[in-house]
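The structure appears right after this line, and notes come after that.
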Amino acid sequence: MTPTFKIILKSSKTKARAGVIKTPHGDIETPAFIPVGTNGTVKSVSPRDLKEMGAQVVLANTYHLHLRPGEDLIKEFGGLSKFMSWGDPTMTDSGGFQVFSLGVGLEHGVGKLLREEEGEAKPRLNKITKEGVTFQSHIDGSKQYLSPEVSIEIQEKIGADLIVAFDDLESPKYNHEETKKSLELTEDWLIRSIKAHKRKDQLLYGVTHGGSFKDLRIKSAKFNDKHFNAIALGGAHKNKQDMAKIVEWTIANISENKPRHMLGIGEVDDIFELIERGIDTFDCVIPTRIGRTGFFFASPPFGNIKNRFRMDIAKSKFAKDKGPLADDCLCYTCQNFTRAYLYHLFRSRELLAYSLISTHNVHFLVNLTKQIREAIIKDKFQSLKKKWLKKSKFDSALLNVS
RNA sequence: UCCCCUGUAGCUCAAUGGUAGAGCGGUUCGCUGUUAACGAAAAGGUUCGAGGUUCGAGUCCUCGCGGGGGAG
C-alpha cells in the first residue's frame, strides 16, 4: 500500500490539526512525537518500552545504518522494522543532516540552531560537490559516498515507511547568497531523489530550506509543494522566534492535505508553538540525549518555560528525594523508581540510569503530543498550551523529602 | 630500641633546587533530522610542623609528628 495522510479534525482558532498517517506497518495518529533511533535503536530504550509508552514510529538514520551494519543486511532480515524487532512504522532520515553535522557544522563549530557560544571549529569530515558528498567515515575513517540516488537506494533497502529526500543543510551563519546557493543544490538533489525513488509503499518527504530568509523559505516551500506529497521542514535557523516565523512562511505556501514533519525539533515549547502553526510530526534526539546527560523532563508547575521543562537528576538536592521524576507521570520509570535511586544510579554511572531516564523522557514527549492531539479533537488546544507555557511561580522542583 | 621508605587539592598521584600540576570526585553551565553513557567552565593548596643551608626549598640538612615496612 501507498502511505496516506488524512486530517481528522482541525483546530478552530489555530492551524493545529489532528490526523492519521496510514502506512504498511500501521497507523500514526498525529500530532506525534517520533523518537530518534539513529542506529536502529532508540538509545537505551527497548522496543517493548516504546510500545508500552505509546510511541508509534521510530526514526533511524541512513548514513549510520549504511556504515553499519549495511542496508543489504537489513534488507536480508526483512527490513528495519523487523530487524529491530519493532514491527510498527519506521522512518529514515536521508543522511542529509550528516552532510551538515560532519561538514560545515564541524567547520563552523555550530548546530543548525545558532547558540550563544559557538563550539570549537574542527576540520570537516566530508566534501560536497554538485554530484554528491564524499564522507570520511566517523567510525573507521574509510571513504564513503552519498548522493540523492545512493541515499534513496539505501533507504529503499532499509525499507522504512516514511523516508526523506537527500538535502544539503545550510549553516545558520550563511548569508543570503550562501544560503541561496545551498538551497539550489538541495532543490537539484530533491528532484534527483524523486527520480531515484521506486518503492510506492514508502512515503517520500521533501525537505524545505532557506535558512532564516523569508524569500528563500517561501521559494523552497512552493518548490516542495509542487513536487512532494509529504513535506519535512528542515534547514537552519537562528533562534526559536526565527523558527516559528519560518514555519509560518512555509505552512502558508504548502497544501493543507500533506503531512508536515518538523525535522529535529522537539523541546516542549517548540512542540506547542509549531503544532499551533500546523506541524504534524516531530523527531528529536532531545529526550534520549539529555536523558543520558542526566536531565529529565518535568511537567507544570515544576517544569516551566524558565527551566525549559528539564531538571538535572545529578543535583545533590535529589539524593534523598522519595518522589518519582514527575508526580503525574505514568511511565515505567515514574511508576517504579524514586529520584533518590535514579540519582544514585546516575552518579554511579550505572547503565540502568540512562535507560530509565531516557524511557521517562521519551514517554514524556510521546505523551505530550498525544495529549495535544486529544485537546485538538476537543478543540481545547489553546487552553492546554496556556496551561503549559504560562510563567510559573515555581522555578525549581518541589522536593519529596520526608 | 634501631634501620629503611613515606607525607603535595576531597581521593590517587606528578613536579633537574627556578611561576605547584594532572586524573578522578565535588560545583556550575550546556546539549533540538546523535561523530554524543557527552562536552565546557570555574573552584579547590600555609606542599605535615618547627628550624636551617641557598639569590631561590615541595625538592637539600636537623629535630619533631603521622603512616608503611624491616630488624631485634
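Here the structure is a predicted model, which means the values were calculated and not measured.
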Quiz item: Across all strands, who's sitting opposite B:rU19 as a Watson-Crick or G-U wobble pair, both distances under 3.5 Å?
Solution: none

Quiz item: A:Thr62 side chain to A:Asp93 main-chain N or O, any donor-acceptor pair under 3.5 Å?
Solution: yes

Quiz item: Looking at the rings of A:Phe318 and A:Phe346, which for Trp means the six-membered one, are their centres under 6.0 Å apart?
Solution: no

Practice problem: Give the C-alpha distance, both sets of side-chain angles, the deciding distance and a yes or no for ring-ring contact (aromatic ring centres under 6.0 Å, His included) between A:Tyr63 and A:His138. | Solution: CA-CA 10 Å; A:Tyr63 168 77; A:His138 70 277; 5.6 Å; yes

Quiz item: Any donor-acceptor pair under 3.5 Å joining the side chain of A:Ser137 to the base of B:rU35?
Solution: no

Quiz item: When you check every protein heavy atom under 4.0 Å of nucleotides 27-32 of chain B, what one-letter string (B, S, -) results, 5' to 3'?
Solution: SSSBBB

Quiz item: Within 45° of the ring axis of A:Phe213 and under 6.0 Å from its six-membered ring centre, is that where the NZ or CZ of A:Lys245 lies?
Solution: no

Practice problem: Take atom C1' in B:rG7 and the same atom in B:rU34, then report the distance between them in whole Å. | Solution: 48 Å

Practice problem: Using whole Å, report how far CZ of A:Phe166 lies from P of B:rG33. | Solution: 17 Å

Self-check item: Any-strand Watson-Crick or G-U partner of B:rA41, both distances under 3.5 Å
Solution: B:rU27

Quiz item: Rounded to whole angstroms, how far apart are CD1 on A:Ile271 and P on B:rG33?
Solution: 12 Å

Quiz prompt | Phosphate OP1/OP2 of B:rG33 contacted by A:Gln98 side-chain N/O (<4.0 Å) | solution = no

Quiz item: In terms of the angle between their ring planes, are A:His261 and A:Tyr205 parallel, tilted or perpendicular, with boundaries placed at 30° and 60°?
Solution: perpendicular

Practice problem: Measure the distance from CD1 on A:Ile279 to P on B:rG33 and round it to the nearest whole Å. | Solution: 15 Å

Quiz item: Say you pick atom P in B:rG52 and the same atom in B:rG45; how far apart are they, in whole Å?
Solution: 27 Å

Quiz item: What distance, rounded to whole Å, do you find between the two P atoms, one in B:rG10 and one in B:rU6?
Solution: 23 Å

Practice problem: Please give the nucleotide sitting opposite B:rA57 as a Watson-Crick or G-U wobble pair, both distances under 3.5 Å, or none. | Solution: none

Quiz item: Atom CD of A:Glu170 to atom P of B:rG33: distance rounded to whole Å?
Solution: 15 Å

Quiz item: With a non-hydrogen cut-off below 4.0 angstrom, is A:Leu125 in contact with a base, only sugar-phosphate, or nothing?
Solution: base

Quiz prompt | A:Leu351 CG to B:rC38 P, straight-line distance once rounded to whole Å | solution = 11 Å

Quiz prompt | Partner nucleotide, any strand, of B:rC2 [Watson-Crick/G-U, under 3.5 Å] | solution = B:rG70

Quiz item: Looking at side-chain heavy atoms only, is the closest gap between A:Arg260 and A:Arg17 below 4.5 Å?
Solution: yes

Quiz prompt | Atom P, compared across B:rU16 and B:rG72: separation rounded to whole Å | solution = 37 Å

Exercise. With heavy atoms under 4.0 Å as the rule, sort A:His261 into base, sugar-phosphate or nothing.
Key: nothing

Practice problem: Look at all strands and tell whether A:Gly235 reaches a base, only sugar-phosphate, or nothing, counting heavy atoms closer than 4.0 Å. | Solution: base

Self-check item: Neighbour count above 12 (heavy atom, 6.0 Å) for A:Glu256 CD
Solution: no

Quiz item: Can you check whether A:Phe364 and A:Trp388 have ring centres sitting under 6.0 Å from each other?
Solution: yes

Quiz item: Using the P atom in both, what is the distance from B:rG58 to B:rG39, to the nearest Å?
Solution: 36 Å

Exercise. Give the rounded distance in Å between these two atoms: CE of A:Met262 and P of B:rG33.
Key: 11 Å

Practice problem: State, yes or no, whether a side-chain contact exists between A:Gln382 and A:Ser11 at a heavy-atom distance under 4.5 Å. | Solution: no

Practice problem: In whole angstrom, give the distance that lies between atom NZ of A:Lys43 and atom C1' of B:rC38. | Solution: 11 Å

Quiz prompt | Atom pair distance, as rounded to whole Å: CG in A:Leu106 and P in B:rG39 | solution = 15 Å

Practice problem: Answer yes or no: does a side-chain N or O of A:Asn61 lie under 4.0 Å from OP1 or OP2 of B:rU34? | Solution: yes

Practice problem: Pick the P atom in B:rC61 and in B:rU46, then give their distance to the nearest Å. | Solution: 24 Å

